[in-house]
2 protein chains.
Amino acid sequence: MLMKHPNVSQQTRTDAGLAAVLRVAVGRLARRLRAQRPDASLSLGQGAVLFALARHGQLTPGALADHEKVQPPSMTRIIAALEERGLVRRMKHPDDRRQQLVELTEEGVQLVRADQRRREAWLTQRLRELTPEEKATLRKAAEILERLSQS
Amino acid sequence: MLMKHPNVSQQTRTDAGLAAVLRVAVGRLARRLRAQRPDASLSLGQGAVLFALARHGQLTPGALADHEKVQPPSMTRIIAALEERGLVRRMKHPDDRRQQLVELTEEGVQLVRADQRRREAWLTQRLRELTPEEKATLRKAAEILERLSQS
DNA sequence: CGATATTGTTAGCAAGAGTAATGAGTCATG
DNA sequence: CATGACTCATTACTCTTGCTAACAATATCG
């Protein structure tokens with residue numbers, strides 16, 4: 001082999017090194033989370049949309065696409081799937097008839113609540129194995145990651 | 001709306017709340033990273049494999065699949081793509097002829113190095129905008145995330 | 001030796017995201 | 001006030017990437 005095999009902490013000294021490690025870690029965890037989803041449950045994207053609606057109330061499809069960093073057609077599909085399952089409802093935008101407003105149905109609200117206890121179960125279990133300090137780190141990191149993905 | 005719209009810090013008080021936020025943040029950032037990849041470059045999975053080989057030297061396809069949390073057939077495809085581009089080379093395992101060893105070619109080594117400067121450019125740039133404290137948090141978080149995805 | 005396990009591959013399929021083109025509605029400007 | 005440009009969402013299509021199931025080759029153990 002031509003390269004050394006430095007450990008993670010050595011590799012994260014530089015921004016580029018941190019970027020590389022973070023990129024790989026995020027990709028791998030995303031795969032893992034996707035695979036972990038219980039069968040009849042929501043896709044990662046669907047869950048994220050429900051979550052966003054629970055947090056922000058009514059949103060337009062465009063705003064949701066923007067928020068979740070997907071293209072509008074992808075969001076159309078996600079919303080259609082959620083609507084078919086009766087979890088969200090579309091309403092015409094009062095001021096601009098090109099737009100729509102998407103909001104949770106009562107069933108959607110219930111599901112989001114249930115998900116707090118059920119769908120994130122795998123990750124929740126993993127988190128329980130961490131020390132309080134590690135969880136605190138993740139709390140701070142979650143906010144930073146959110147900012148990164150928006151910028 | 002039937003739910004309150006608590007902010008992130010409120011939602012991460014509990015393990016389940018942290019899990020929900022983390023799940024969404026990781027999914028979104030993974031999407032963003034995937035989209036950010038320059039056209040002629042490697043896929044996220046291919047990059048991760050090259051990265052793993054750079055770090056660990058020779059590995060079997062099975063070990064790589066395990067490491068990256070994909071099923072063996074997926075790894076077969078990733079390796080085939082990398083081999084086709086001349087970035088990795090397969091060798092027979094000296095002791096067990098069922099197994100193979102995969103290692104970087106010189107070209108693969110060059111590409112991994114170049115990626116440190118080029119492929120993670122977007123994320124590196126974002127990281128530069130963070131405070132040293134935030135970067136320290138991400139360094140610690142990266143290690144935790146890596147552990148989570150392995151467990 | 002023969003049965004079982006392990007390793008990797010092939011084949012086929014499904015989910016998820018992207019681009020390009022389209023339709024409907026709005027807005028600005030001559 | 002009409003028309004041309006723009007915006008928002010959708011449809012149609014394609015590509016990537018992951019999976020499971022089945023299989024071939026080799027190893028291991030009774």
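Chain identifiers are assigned alphabetically (A, B, ...) following the order of the sequence lines, protein sequences preceding nucleic acid strands; residue numbering begins at 1 within each chain. This structure is a prediction, so every number in the text was calculated from the model and none was measured.
At whole-Å resolution of the value, NE2 in B/His93 and P in C/dG8 are 10 Å apart. B/Leu44 has its CG atom 17 Å from the P atom of C/dG16, to the nearest Å. At whole-Å resolution of the value, CG in B/Asp96 and P in D/dA24 are 19 Å apart. The interatomic distance linking B/Met75 (CE) with D/dT20 (P) rounds to 15 Å, in whole Å. In this entry the distance linking CD of B/Gln71 with C1' of C/dA11 reads 16 Å, nearest Å. Straight-line distance from the CD1 atom of A/Ile79 to the C1' atom of D/dC8: 12 Å, rounded to whole Å. Rounded to whole angstrom, the span from the CZ atom of B/Arg31 across to the C1' atom of D/dT16 amounts to 15 Å. If you measure from atom CZ of B/Arg28 to atom P of C/dG16, you get 17 Å, rounded to the nearest angstrom.
One finds no salt bridge joining B/Lys140 and A/Glu134 here, because no Lys/Arg side-chain nitrogen approaches an Asp/Glu carboxylate oxygen to under 4.0 Å.
Under a 3.5 Å cut-off, the side chain of B/His56 and the backbone N or O of B/Ala52 do form a donor-acceptor pair.
Under the side chain to side chain donor-acceptor pair (under 3.5 Å) test applied with A/Asp15, the options B/Gln125, B/Lys135, B/Arg126 reduce to a single match, B/Lys135. The side-chain contact (heavy atoms from CB on, under 4.5 Å) with A/Pro61 is formed by just one residue from the set A/Val49, A/Leu101, A/Ile78, A/Val102; it is A/Val102.
The shortest distance between the side-chain N/O atoms of A/Arg97 and the OP1/OP2 oxygens of C/dT26 is below 4.0 Å. Contact annotation: B/Ser74 side-chain N/O to D/dT17 OP1/OP2 distance is not under 4.0 Å. Note on B/Ser43: a side-chain N or O is less than 4.0 Å away from OP1 or OP2 of D/dT17. Contact annotation: A/Arg32 does not reach the phosphate of D/dG18 (side-chain N/O to OP1 or OP2, under 4.0 Å).
Atoms CG and OG1, from A/Leu130 and A/Thr137 in turn, are 9.5 Å apart once rounded to the nearest 0.5 Å.
Map A/Asp95 and B/Gln99 each onto its nearest nucleotide of DNA chain C; the residue landing nearer the 5' end is B/Gln99. Each of B/Ile78 and A/Arg77 has a nearest nucleotide on DNA chain D; the 5'-most of these lies closest to A/Arg77.
Heavy atoms of A/Pro61 sit under 4.0 angstrom from primed sugar atoms or phosphate atoms, though from no base atom.
Counting distance only, with no hydrogens placed and no angle test, the side-chain atoms of B/Arg98 and the base atoms of C/dT6 include a donor-acceptor pair under 3.5 Å.
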